[in-house]
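What you see below is based on every heavy atom in this structure, not just the backbone, and it leaves out hydrogens, waters and symmetry mates.
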Amino acid sequence: MTGLPWDASYQDGPAPWDIGRPQPAVVRLAADGGFAGAVLDAGCGTGENALHIAALGLPVLGFDVAGTALAMAREKAAERGIGAEFVAADALHLERLRRRFATVLDCGLFHTFDGAERPEYLASLASVTEHGGTLYVLCFSDEGPDTGPHPVSRDDLIAAFRPDRGWTVAAIEPDRVQTRFHDASGAPAWLATIKRT
């Protein structure tokens, strides 16, 4: 997957999804002890979620296809003295990382894949998630007014993260995603907690 269209989003000011701070849902998860062991931030952008988690003392690797975003994330890490790692990687070929993670965060990446791409993405995620590990997916929801682009239904999540693909959905809760084009309450979202079997 080429990073050029995504990279262009960061070239003329902040991308629509880059709010300059971690998503509130991620802050809540972190405060509740939701992250443990080595953490992967899938589609990390400019790194705010990864840096928030790494500041808790956890080893965090963020990946993205957008080189401009990664450079910004590395600069933030250096300025703040936080030891998070940021690398370029293809979400459909994460086995190339040659690493495994106890916790994976997908904040705004899952909903960018169409139905045909999702099985490949989930197989890629499974290849780097420890058995018994936890995946959190925060994605735009199809429920409520003023939804974000590429909204996902609860049924879409259940259909994607099936036991025969190595996943079990533990919970899907309504939440919000902050963006630069929604008001302060954000856009309707799902926060799914999924276990790697």
Side-chain angles (χ1 to χ4, degrees), residues 6 9 14-37 39-56 58 60-64 69 73 84 91 101-115 117-118 121-122 125-126 129 132-163 165 167-197:
W6 293 111
S9 302
W17 52 86
D18 184 7
I19 61 170
R21 61 188 184 280
Q23 285 288 335
V26 174
V27 173
R28 267 197 333 274
L29 280 172
D32 291 342
F35 297 97
V39 179
L40 178 68
D41 183 2
C44 64
T46 65
E48 290 293 347
N49 292 323
L51 291 166
H52 182 78
I53 298 163
L56 303 175
L58 295 168
V60 181
L61 175 69
F63 80 83
D64 210 289
F101 301 88
T103 315
V104 178
L105 173 66
D106 174 325
C107 180
L109 183 56
F110 174 79
H111 61 225
T112 69
F113 293 109
D114 63 29
E117 293 170 315
R118 286 177 185 167
Y121 173 53
L122 300 195
L125 276 182
T129 306
T134 303
L135 165 66
Y136 297 108
V137 176
L138 183 66
C139 61
F140 287 128
S141 163
D142 64 339
E143 292 190 1
D146 202 19
T147 60
H150 314 292
V152 172
S153 72
R154 182 187 293 266
D155 288 345
D156 289 336
L157 288 163
I158 292 168
F161 292 96
R162 302 191 316 244
R165 291 181 178 156
W167 303 99
T168 300
V169 175
I172 302 174
E173 303 291 341
D175 214 303
R176 308 294 290 183
V177 168
Q178 300 292 313
T179 76
R180 289 186 176 274
F181 52 86
H182 287 85
D183 65 22
S185 67
W190 297 119
L191 177 60
T193 303
I194 301 156
K195 302 301 285 188
R196 174 78 170 94
T197 54

N/O donor to acceptor pairs below 3.5 angstrom from side-chain atoms of residues 175-186, sequence neighbours left out:
unit_1, atom_1, unit_2, atom_2, d
Asp175, OD1, Arg28, NH2, 3.2
Asp175, OD2, Arg28, NH2, 2.3
Arg176, NE, Ser185, O, 2.9
Arg176, NH2, Gly186, O, 2.7
Gln178, NE2, Ala184, O, 3.3
Thr179, OG1, Phe181, N, 3.1
Thr179, OG1, His182, N, 3.0
Thr179, OG1, His182, ND1, 2.7
Arg180, NE, Asp18, O, 2.4
Arg180, NH2, Asp18, O, 3.0
His182, NE2, Asp146, O, 3.0
Asp183, OD1, Ser185, N, 2.9
Asp183, OD1, Ser185, OG, 2.6

Under 3.5 Å: donor-acceptor pair, side chain of [X], backbone of [Y]:
X      : Y      : value
Thr103 : Ala36  : yes
Asp64  : Gly45  : yes
Arg118 : Phe113 : yes
Tyr136 : Gly34  : yes
Arg196 : Ala126 : yes
Asn49  : Gln23  : yes
Trp190 : Val152 : yes

First locate atom [atom1] of [X], then atom [atom2] of [Y], and finally report the distance between them rounded to the nearest 0.5 Å.
X      : Y      : atom1 : atom2 : result
Thr134 : Ile194 : OG1   : CD1   : 10.0 Å
Ile172 : Asp155 : CD1   : CG    : 8.5 Å
Leu105 : Ile53  : CG    : CD1   : 5.0 Å
Arg165 : Leu125 : CZ    : CG    : 12.0 Å
Lys195 : Leu135 : NZ    : CG    : 10.0 Å
Asp106 : Leu138 : CG    : CG    : 8.5 Å

When you look at Val137 and Phe110, which way does the side chain to side chain contact (heavy atoms under 4.5 Å, CB included) test go after all the steps? CA-CA 7 Å; Val137 176; Phe110 174 79; 3.9 Å; yes
Please report the shortest heavy-atom distance between [X] and [Y], naming the atom on each side.
X      : Y      : value
Ser153 : Asp142 : CB-OD2, 3.1 Å
Val27  : Pro22  : CG2-CG, 3.7 Å
Ala102 : Gly37  : CB-CA, 4.1 Å
Pro151 : Ser141 : CB-O, 3.4 Å
Gly148 : Ala187 : N-CB, 4.2 Å
Cys44  : Gly62  : SG-C, 3.6 Å

Are [X] and [Y] packed together at the side-chain level, in the sense that at least one heavy-atom pair is separated by less than 4.5 angstrom?
X      : Y      : result
Leu29  : Asp32  : no
Phe161 : Val169 : yes
Pro149 : Phe140 : yes

Assess the residue pair Glu48 and Ile19 against the criterion (side chain to side chain contact (heavy atoms under 4.5 Å, CB included)); give the C-alpha distance rounded to whole Å, side-chain angles, the decisive distance to 0.1 Å, and a yes or no. CA-CA 9 Å; Glu48 290 293 347; Ile19 61 170; over 6 Å; no
Option from Val26, Leu56, Val60 for which side chain to side chain contact (heavy atoms under 4.5 Å, CB included) with Phe35 holds: Val26
If you apply the rule side chain to side chain contact (heavy atoms under 4.5 Å, CB included), what do you find for Thr197 with Trp167, and how did you get there? CA-CA 5 Å; Thr197 54; Trp167 303 99; 5.8 Å; no
Could you check Phe101 against Val39 for side chain to side chain contact (heavy atoms under 4.5 Å, CB included), going step by step and ending with a plain yes or no? CA-CA 6 Å; Phe101 301 88; Val39 179; 5.7 Å; no
Can you classify the ring geometry of His111 versus His150 as parallel (below 30°), tilted (30 to 60°) or perpendicular (above 60°)? parallel
